[in-house]
Amino acid sequence: MSINLGMPALPPPTLAPRRKTRQIKVGKVLVGGDAPVSVQSMTTTKTYEVDTTLQQIAELTAAGCDIVRVACPHQEDADALAEIVQHSQIPVIADIHFQPRYVFAAIDAGCAAVRVNPGNIRKFDDQVKEIAAAAKDRGTSIRIGVNAGSLDPRLLKKYGKATPEALVESAVWEASLFEEHDFHDFKISVKHNDPVVMVKAYELLSERGDWPLHLGVTEAGPAFQGTIKSSVAFGALLSKGIGDTIRVSLSAPPVEEVKVGLQILQSLNLRERKLEIVSCPSCGRAQVDVYTLAEQVTAGLEGMEVPLRVAVMGCVVNGPGEAREADLGVASGNGKGQIFVKGEVIKTVPESAIVETLIEEAMRIAEEMGEAAEGGEPTVTVS
Ligand code: SF4
C-alpha cells in the first residue's frame, strides 16, 4: 500500500514576503534580494592557530553554517587568513576593528567579506576610498557592523546612549561614505543586546535604504537566554520580511549558534523543515514517560536530512489524532505503542520497542523519500 506524503507542491507559506533588498555576494553565498536567509557564526579559536580554526570551521560547515567570521585582532591573525580562506569550504569574513591595514590584508588574503565597525570611524574615515577601491577590485563585500557596545562616541554624546536612532545614524553615515565612492556591495548590522532596541533599530534602518541586513542580538547571553532573545528578536523582524542573513550570538560553542539559527529559519518556513519532533508536554493522563521517549527518538534521528515530522504522544486521548497529522507517530497506552505512518496504524508494539520501531520506520521512510526526491512522487509504503 502506498501513501502520498502530502508534501505540498508549493513552498510552505511564510508570515510576510521578504523585503526587497539589493543583493550582494559573500563569496559563493548570495545575501539579499531573493537569496535564502543565510546563517552565520564566528569562530572562537585564535585565528592564527590555523589548524584548530579550520577544524572549527569544518564543524560549523557540517552543522549547516553558510558563512563564517573570524576575528583578526593581530598581525599574526591577518597573516593566517589566506590559508584559512584557501581551506574553508564556506566563505570567510574577517572581523576588523581599529586597524584599517588589516582590512587591506583581509582583502588581499581573498576573504569573501570584511566586517568593519564604524565605532572606530575616525580610523576608517579617511581610508574608505582606498578600502572601497581595493574591495571592488577583488570582489570583496563589506559588512558595516554597528554595535551598541562600541558606538561612535560622538553619537553616544548626542543621544546619551545607544538608542535605535543612534545605531541607525551611525550605520547610515558609514553607508554614505562607501556610497560616495560608488561602493554598494555592503550589508549592515545594528546590534544591541536588548531585543526591543535591536528590533526598533532594524525597523528604522529598513526604512532608510535597500541595504541587505545582517541580524544579530549582540551579547545575547548563555544558551538558554540567548536562544530566547535571538528567537524573539529575529522572529519579530523576519515575520515582517526584514533580515537577509542572521547570526545568533551565544556564550556557547558556535555550533549551537548555527543549530539555533537554522531552527529559527525552519520555524518560520524560511528554510525547509528537516526533522521535526512533535511531542506532547505530558500531563496526568500520560501512560508513558514522554520526556524520555521524545529525547530518545530525537537522539536516534539526529542528523536526519529529510523533512520528517514525528509525533510522540503520551496517551490515547489526543495521541492518535496528533500522530495521524505527522509522517510518523506513536500514541502510547496500556504498556503499548500504536505506530502510525501518515495516519494509518501500521503496528502495535510493546512500550519497550517503541523507540527502536520509530527509528526503524523513520529510516525506511527517509530512504523512500530520498528515492522519491530523485524522481517520482514522494510516497511511502505502509508495511
Ligand atoms: S497527548 Fe495525552 S498525555 Fe500528552 S498532553 Fe495530551 S492528554 Fe496529556
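The analysis underlying the following values was restricted to heavy atoms, covering all of them including side chains, and did not include hydrogens, waters or symmetry mates. These numbers were taken from a predicted model, which means no experiment stands behind them. Note that ligands are numbered from 1 as they come in the structure, with each ligand's atoms numbered from 1 the same way.
Atoms of ligand 1 lying under 4.0 Å from any heavy atom of Arg285, numbered from 1 in the order shown and given with element: 7 (S). For ligand 1, the atoms sitting less than 4.0 Å from at least one non-hydrogen atom of Met313 are 1 (S), numbered in the order shown with element in parentheses. Taking every non-hydrogen atom of Ala286 and a distance limit under 4.0 Å, the qualifying atoms of ligand 1 come out as 3 (S). Residue Cys280 approaches ligand 1 through these ligand atoms, each under 4.0 Å from one of its heavy atoms: 1 (S), 4 (Fe), 5 (S).
In this structure, NZ in Lys136 is found 4.0 Å from CG in Asp182, a value given to the nearest 0.5 Å.
Under the side chain to side chain contact (heavy atoms under 4.5 Å, CB included) rule, Leu151 has a single partner from Thr163, Asn117, Leu156, which is Leu156.
Other residues, nucleotides and ligands place no more than 12 heavy atoms under 6.0 Å from the NZ atom of Lys336.
For Lys259 and Glu256, the salt-bridge test passes: some basic side-chain N is under 4.0 Å from an acidic carboxylate O.
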